[in-house]
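Scroll down for the structure; my scribbles are underneath it.
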Amino acid sequence: MKIKPLKTEQDYEKALERLEVIFDAPTDSKEGDEAEILSMMIDNYENEHYPIDAPDPIEAIKIRMEEMNLKQKDLVGVIGGKSRVSEILNKKKRLTVDMIRELERILHISASVLVTNYKLTK
């Protein structure tokens, strides 16, 4: 096991290739230890070089709706009538504090995600 810091894209690619080879190694083996260390190093490299922005509040709602197999009509009564739900999901209107509270309760999305600013469409 020869592990060194991932400083370049080439180092990162080599680490990915090695991890693919030893991924299923038993956890109590040398290769299992190597896989665990490589996983942490790869994760660190990816977080630093390929950050993923959190979705805006409306995208977060849509993602959670998909995860929960909900349709737009399922939010009627939670954040308003049919037209209000459509306006919100199409970014024509902003979420209100009351809507955020209900969405947090129903969809289990943190209010800190839902209060993030986002652009409205024209």
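Residue numbers count from 1 along this sequence. Note that the coordinates shown come from a computational prediction; the quantities given were computed from them, not determined experimentally.
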*Counting heavy atoms not belonging to E9, are there more than 12 under 6.0 Å from its CD?*
yes

*Would you please name every residue forming a salt bridge (charged side-chain N to carboxylate O under 4.0 Å, His left out) with R64, sequence neighbours left out?*
E67

*For residues A25 and G32, report the shortest heavy-atom separation together with the two atoms involved.*
CB-N, 3.7 Å

*Would you say E104 and V113 make side-chain contact, with heavy atoms under 4.5 Å?*
no

_Give me the atom names and distance for the closest heavy-atom approach of K92 to K122._
NZ-O, 2.8 Å

*What are the two closest non-hydrogen atoms of P55 and A60, and how far apart are they?*
CB-N, 4.0 Å

*Would you indicate whether the side-chain heavy atoms of L120 and K93 approach each other to under 4.5 Å?*
no

*So do the side chains of D74 and N69 get within less than 4.5 Å of each other, counting heavy atoms only?*
no

*Do R105 and E102 meet the salt-bridge criterion of a basic N to acidic O distance under 4.0 Å?*
yes

*Which value, rounded to the nearest 0.5 Å, describes the distance between M99 atom CE and R94 atom CZ?*
12.0 Å

_Atom pair CD1 (I100) and OG (S110), whose distance is rounded to the nearest 0.5 Å_ = 10.5 Å

_Just checking E59: does its CD atom have more than 12 heavy atoms from other residues, nucleotides or ligands closer to it than 6.0 angstrom?_
yes

*When rounded to the nearest 0.5 angstrom, what is the spacing between CG in L19 and CD in E31?*
11.5 Å

*Under 4.5 Å between any side-chain heavy atoms of I88 and L75, yes or no?*
no

*Test salt bridge (Lys or Arg N to Asp or Glu O under 4.0 Å) on D33 and K30 and set out the steps.*
CA-CA 5 Å; D33 290 345; K30 285 183 181 181; over 6 Å; no

*Any donor-acceptor pair under 3.5 Å linking the side chain of K62 with the backbone of L89?*
yes

*Any chance CZ of F23 has more than 12 other-residue heavy atoms, nucleotides or ligands included, within less than 6.0 Å?*
no

*Salt-bridged, K14 to D11, with N to O below 4.0 Å?*
no

*asked:* Please give me the minimum heavy-atom distance between Y118 and D56, naming the atom from each residue.
replied: CB-CB, 4.0 Å

*If you take all heavy atoms of Y45 and K7, which pair is closest and at what distance?*
CE1-C, 4.4 Å

Please tabulate, for side-chain N and O atoms in residues 36-43, each donor-acceptor pair with protein atoms closer than 3.5 Å (sequence neighbours left out).
residue	atom	partner	partner atom	Å
S39	OG	A35	O	2.8

*Quick one: do L95 and I58 satisfy side chain to side chain contact (heavy atoms under 4.5 Å, CB included)? Show the steps, please.*
CA-CA 9 Å; L95 291 167; I58 303 307; 4.2 Å; yes

*asked:* Per the ring pair (Phe, Tyr, Trp, His ring centres under 6.0 Å) rule, what does the pair list look like for residues 86-116, sequence neighbours excluded?
replied: none

*asked:* Within the structure provided, determine whether I109 and L114 are in side-chain contact (heavy-atom separation under 4.5 Å).
replied: yes

*How long is the gap from CD1 on I63 to CG on L107, to the nearest 0.5 Å?*
12.0 Å

